[in-house]
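Have a look at this one before I ask anything.
A, B, ... follow the sequence lines: proteins, then strands. Residue 1 opens every chain.
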Amino acid sequence: MPSSFIQTLKSLILDRVHTLFDLKLEDVAVEIPPRPNFGDLAFPVGFELAKRLRESTGQKQNPRALAEQLRTVLGHPPGISKVEVAGPGYLNFFLDRADFLLTPLPLATPSATDEKAIVEHTSINPNKAAHLGHLRNAVLGDTLVRLLRASGARVEVHNYIDNTGVQVADVVFGFYWLEKKSKTEVQNLPGRFDYYCWDLYTRVGDYFRQNPEERLRRSVSVLREIEERYRPSVTGLVNPLDNEITGIAEVVVNRIIDCHLKTMARLGIRYDLLPRESEILSGRFWERAKELLQEKHGLVVRETEGRNQGCLVMRAESEPRDAPAKADKTSDSDEEYDQDKILERSDGTVTYTGKDIAYHLWKLGKLGKDFCYAQLTKDPDGQQTWITSSIQPPPGSPSPPSFGGGAYYLSVIGSEQSYLQKFVKQALVELTHDPSDARIAHIAYEKVALTPAAIAELGIELSEEEAGRQRIGMSGRRGLGIKADDLIDRLEACAFEEVATRHPELDDARQRLIAHQIGVAALRYFLLKFSRTTVIVFDFKEALSFDGETGPYLQYSVVRANSVLEKLAASGLEQLELASLPSEQIASLLTGDDGDELWGLIYLGARLDLAIEEASANLEPAILAKFTYQLAQRFNLFYHHYRILSEPDIARRTLLIGILKTAGNGLARALEIMGIEVPECM
RNA sequence: GCGCCCGUAGCUCAACGGACAGAGCAACGGACUUCGGAUCCGUAGGUUGGAGGUUCGAAUCCUCUCGGGCGCACCA
């Protein structure tokens with residue numbers, strides 16, 4: 001694999017440092033200088049050298065003088081026009097602009113391997129409509145997938161379905177006891193099923209707040225019943241549909257999954273596999289995982305006394321493994337917490353953490369078990385989505401691809417679950433003997449919150465305490481949130497209004513397509529521009545805006561570039577290949593103030609690969625989002641500053657067109673990774 | 001009590017330990033007889049919550065402190 005241009009320069013510097021100062025540095029820092037007159041690549045190597053030489057010789061050295069010494073032995077690296085020493089000890093490299101434009105040097109190289117990555121995202125409880133908080137998860141996850149694929153990785157996308165949890169049980173309780181509906185009635189309920197469940201779920205929550213004893217008697221029994229159905233017994237599996245309660249659960253889950261997939265498809269988000277929790281139970285994944293865990297001495301313990309008596313627990317890292325549970329744990333007061341994590345309850349059932357460990361072992365191909373699969377959907381473009389199944393597929397069914405067995409995995413899960421995920425990761429790292437635990441990652445992100453004002457706008461009442469707070473997190477449990485489809489509808493409606501007035505000549509279908517593309521761009525960029533650790537405080541005005549730092553602004557830039565190219569093609573103007581120009585001519589056009597400005601755009605566009613690399617390495621799509629916006633700004637400046645079609649000088653015009661194409665292509669590529677389409681016009 | 005995240009312009013957010021802390025929004029003032037103004041330019045706005053420390057260099061790392069969020073279930 002060819003190493004990147006930056007890597008080559010680094011090696012050169014390290015080599016010269018070695019011969020000149022007899023010093024072996026492992027690496028040397030590189031940065032993009034803050035101002036163009038500082039060159040294109042800066043190495044603050046003088047400082048590092050001074051420090052290291054002082055450590056080894058005890059003598060103080062001048063960083064700038066050291067950089068100067070280094071400069072004299074660098075020679076003339078290919079692609080570099082000059083090297084300057086600047087500031088208190090920087091080594092600044094100036095790229096050969098014309099050469100670079102004609103044959104761009106690779107600033108970053110894709111870290112392509114043949115290994116399979118498994119990315120899990122979305123994973124919404126299948127009992128209600130998706131809200132904006134869920135969209136943040138899905139858009140982050142989907143963009144990570146696209147980002148990894150852009151760096152050449154093989155990625156398998158999972159959307160985990162917790163079809164046996166309390167949330168589903170609560171809605172089943174609502175249908176069965178509050179509404180007295182039959183399985184068939186639930187199946188045939190007309191209208192938006194996910195919206196119906198959204199309201200029902202809220203009503204169930206209210207009901208349980210008023211009748212707490214009902215929760216214990218009814219809902220928990222529903223939960224147990226659902227779990228029982230999927231737990232293999234000596235008589236084998238029971239068909240869940242045979243029973244009214246589990247039948248309702250099955251219907252709810254299937255109908256909601258269908259809604260969620262449709263919602264996500266609007267944003268261009270798809271999945272390869274939907275692993276269901278029921279199959280983790282019926283496939284006895286936990287039993288196998290438990291065996292593996294117990295083979296590791298001291299990793300898990302069956303408590304014989306204390307508050308966790310009878311449970312299988314995993315010791316917190318902070319506590320010594322072999323130590324018995326603290327004696328005073330029975331007398332724990334309210335303010336003292338037990339750090340250990342229960343994996344198996346005293347009644348023998350497994351907790352979420354236990355199931356998650358088993359599931360993730362399977363993801364890495366370390367469980368020694370597999371699911372059965374059924375094809376769920378097949379799109380016209382051939383893309384298939386599969387779902388796990390409790391039964392062997394009938395003969396003649398399409399055979400599934402090989403799922404699981406990834407070299408590593410990334411799970412997009414809210415940061416409020418960090419504590420839990422720490423245990424999952426700890427278990428996984430121990431069981432897989434993989435010291436590179438960075439590749440088993442919980443991608444934590446913060447929630448989308450609402451202001452009390454926005455909640456009031458939704459017509460939801462708050463307690464006095466909450467109304468005084470600055471922001472309140474979305475909660476499906478309380479029906480507190482912006483429903484995903486509502487927001488997408490609103491965005492598309494706003495965009496449609498604009499498109500219809502700007503382009504009355506287009507037919508309705510095309511107007512709607514463009515409005516859809518713009519709405520999705522606004523939403524996806526809005527969710528991506530914040531770094532993962534930032535709590536997004538939702539603001540209608542900001543989210544519905546198409547001006548400034550928004551997705552539509554990015555699209556508009558590409559549309560402008562495309563429009564110039566169309567006009568150019570139609571104009572019959574004489575066109576030359578950029579490569580046909582003498583490089584001295586290009587060089588002179590890229591000199592001076594004008595040249596600096598043009599070069600700035602060329603060089604920024606070339607750094608897209610660096611941004612992609614950085615975003616992948618940090619698993620932070622916001623890095624790419626911010627970069628793309630910067631590139632679009634720069635492009636718009638260029639667009640405004642230079643008339644391309646009316647440029648009389650053909651050499652200059654050729655250069656401008658070349659730059660426009662490069663920048664436009666770069667922007668389009670970045671948008672593709674963010675899942676944003678380029679409309680035909682805007 | 002313990003753990004994690006966050007305090008940067010009026011508001012919302014950026015800034016691999018590097019050179020003078022940058023954008024958008026809001027405000028105000030401008031832009032060629034348009035390759036489309038969903039654009040561009042300018043003005044104004046900052047002791048990076050506070051105090052110490054490490055470093056040639058700190059918004060960034062360490063300690064303390066103040067303020068906010070989230071966790072710490074035989075729920076997920």
*Between P63(A) and P88(A), what is the shortest heavy-atom contact and its length?*
CB-O, 3.4 Å
*Locate the shortest heavy-atom distance separating L223(A) from T164(A); write the atom from each residue and the value.*
CD1-O, 3.1 Å
*Anything under 30° is parallel, anything over 60° is perpendicular, the rest tilted; go ahead and classify F538(A) against F540(A).*
perpendicular
*asked:* Is R653(A) close enough to rC35(B) that one of its side-chain N or O atoms is under 4.0 Å from OP1 or OP2 there?
replied: no
*At under 4.0 Å, does any side-chain N or O of R560(A) touch on OP1 or OP2 of rU34(B)?*
no
*Non-hydrogen side-chain atoms of Y445(A) and R136(A) separated by less than 4.5 Å*: yes
*Give one of base, sugar-phosphate or nothing for I518(A), where a contact means two heavy atoms less than 4.0 Å apart.*
base
*Should the ring pair F423(A) and Y419(A) be called parallel, tilted or perpendicular, given that the plane angle runs from 0 to 90° and is split at 30 and 60?*
perpendicular
_Rounded distance in Å - CG (L656(A)) to C1' (rC35(B))_ = 11 Å
*When you get a sec, tell me which of rA19(B), rC56(B), rA76(B) is the closest nucleotide to the side chain of E31(A)?*
rA19(B)
*Measure from the side-chain heavy atoms of Y556(A) and tell me the nearest of rA38(B), rC74(B), rA76(B).*
rA38(B)
*Calculate the interatomic distance between R471(A) atom CZ and rG67(B) atom P; express it in whole Å.*
16 Å
*Pairwise 5' ranking along RNA chain B for T533(A) and A86(A), keeping only the more 5' one*: T533(A)
*Hey, is the side chain of S563(A) poking within less than 4.0 Å of OP1 or OP2 on rG36(B), counting only N and O atoms?*
yes
*When you measure from the side chain of H640(A), which nucleotide among rA31(B), rG68(B), rC74(B) comes out closest?*
rA31(B)
*How far does the P atom of rC6(B) sit from the matching atom of rC62(B), given to the nearest Å?*
11 Å
*Identify whether any heavy atom of Y629(A) sits under 4.0 Å from a base atom; if not, whether one sits that close to sugar-phosphate; answer base, sugar-phosphate or nothing.*
sugar-phosphate
*Can you check whether Y352(A) has a side-chain N or O nearer than 4.0 Å to OP1 or OP2 of rA76(B)?*
no
_Between rC16(B) (P) and E620(A) (CD): distance, integer Å_ = 11 Å
*F530(A) near the nucleic acid: base, sugar-phosphate alone, or nothing, with a heavy-atom cut-off under 4.0 Å?*
sugar-phosphate
*Out of rG36(B), rA23(B), rA38(B), whichever nucleotide has its closest atom nearest the side chain of E549(A)*: rA23(B)
_Between R209(A) and E214(A) (salt bridge meaning N to carboxylate O under 4.0 Å), is one present in this structure?_
no
*For the side chain of R643(A) and the base of rC32(B), is some donor closer than 3.5 Å to an acceptor across the two?*
yes
_Any base atoms under 4.0 Å from L420(A), or only sugar-phosphate, or nothing? Heavy atoms, all strands._
base
*Round to the nearest Å and state the distance from L528(A) atom CG to rA14(B) atom C1'.*
15 Å
*asked:* Taking any heavy-atom pair under 4.0 Å as a contact, classify A42(A): base, sugar-phosphate, or nothing.
replied: base
*asked:* On RNA chain B, does the nearest nucleotide to Q633(A) precede the nearest nucleotide to S346(A) from the 5' side, or the other way round? Give the residue.
replied: Q633(A)
_Using a 3.5 Å distance criterion without hydrogens, assess whether the side chain of E446(A) forms a donor-acceptor pair with backbone atoms of S415(A)._
no
*asked:* Just the rounded figure in Å: distance from C1' of rC11(B) to CD of E542(A).
replied: 9 Å
*Provide, to the nearest angstrom, the distance between the OH atom belonging to Y525(A) and the P atom belonging to rA23(B).*
14 Å
*asked:* The side chain of L637(A) is closest to which nucleotide in this list: rA73(B), rC40(B), rA38(B)?
replied: rC40(B)
*For Q309(A), answer base if it contacts any base atom (sugar-phosphate contacts may also be present), sugar-phosphate if it contacts only those atoms, and nothing otherwise; contact means non-hydrogen atoms under 4.0 Å.*
base
*How close or far is atom C1' of rG3(B) from atom CD of Q421(A), stated in whole angstroms?*
16 Å
*With heavy atoms under 4.0 Å as the rule, sort P63(A) into base, sugar-phosphate or nothing.*
nothing
*Check: rA19(B) base within 3.5 Å donor-acceptor of N37(A) side chain*: no
*Would one find a side-chain N or O of R35(A) under 4.0 angstrom from OP1 or OP2 of rG22(B)?*
no
*Quick one: is T534(A) getting a side-chain N or O under 4.0 Å of the rA14(B) phosphate, OP1 or OP2?*
yes
*Could you check whether R54(A) gets within reach of a base, just the sugar-phosphate, or nothing at all, counting any heavy atom under 4.0 Å?*
sugar-phosphate
*asked:* At 4.0 Å (heavy atoms only), tell me whether H442(A) reaches a base, stays on the sugar-phosphate, or touches nothing.
replied: nothing
*At their closest point, which heavy atom of A670(A) faces which heavy atom of L608(A), and how far apart are they?*
CB-CD1, 3.9 Å
*asked:* Which nucleotide wins on minimum distance to the side chain of K626(A), given the candidates rC25(B), rA14(B), rG71(B)?
replied: rA14(B)
*Under 4.0 Å between a side-chain N or O of S531(A) and OP1 or OP2 of rA14(B)?*
yes
*Look at the side chain of R302(A) and the backbone N and O of G310(A), then say whether any donor-acceptor pair between them is shorter than 3.5 Å.*
yes
*asked:* Mind checking if N62(A) touches a base, just sugar-phosphate, or nothing, with heavy atoms under 4.0 Å?
replied: nothing
*asked:* For a quick test of reading the model, state the closest non-hydrogen atom pair linking G348(A) to E344(A) and the distance between them.
replied: O-CG, 3.6 Å
*Within less than 4.0 Å of OP1 or OP2 of rG36(B), is there a side-chain N or O belonging to K567(A)?*
yes
*rA73(B), rC35(B), rG69(B): which one has an atom nearest the side-chain heavy atoms of K341(A)?*
rA73(B)
_Could you check whether any side-chain heavy atom of E498(A) comes within less than 4.5 Å of a side-chain heavy atom of P552(A), counting everything from C-beta outward?_
no
*asked:* Applying a 4.0 Å non-hydrogen cut-off, can you work out what R502(A) is touching in the nucleic acid: base, sugar-phosphate, or nothing?
replied: base
*asked:* If I pick the C1' atom on rU60(B) and the same atom on rG49(B), what distance separates them, to the nearest angstrom?
replied: 16 Å
*asked:* So if I take every side-chain heavy atom of E498(A) and compare against rA38(B), rA19(B), rU39(B), which nucleotide ends up nearest?
replied: rA38(B)
*Starting at the 5' end of RNA chain B, what dot-bracket string do you get if Watson-Crick and G-U pairs under 3.5 Å are bracketed, crossing pairs use [ ], other-strand pairs use | and unpaired bases use dots?*
(((((((..((((....[...)))).(((((.......))))).....(((((..]....))))))))))))....
*Could you tell me the separation between the NZ atom of K422(A) and the P atom of rG71(B), rounded to a whole number of Å?*
16 Å
*rC40(B) phosphate, OP1 or OP2, under 4.0 Å from Y553(A) side-chain N/O*: yes
_Any N/O donor-acceptor pair, E446(A) side-chain to rC5(B) base, under 3.5 Å_ = no
*Planes under 30° and centres closer than 5.5 Å, is that true for Y419(A) with the base of rG3(B)?*
no
*Counting side-chain heavy atoms from CB outward, which of rA26(B), rC35(B), rG36(B) is closest to K541(A)?*
rA26(B)
*Measure from the side chain of K51(A), starting at C-beta and using heavy atoms only, and say which of rA19(B), rC56(B), rC70(B) lies closest.*
rC56(B)
*Apply side chain to side chain contact (heavy atoms under 4.5 Å, CB included) to the pair K447(A) and M474(A), showing each step before the final yes or no.*
CA-CA 8 Å; K447(A) 58 187 57 179; M474(A) 293 197 189; over 6 Å; no
*NA contact type, V559(A), heavy-atom cut-off 4.0 Å: base, sugar-phosphate, or nothing?*
nothing
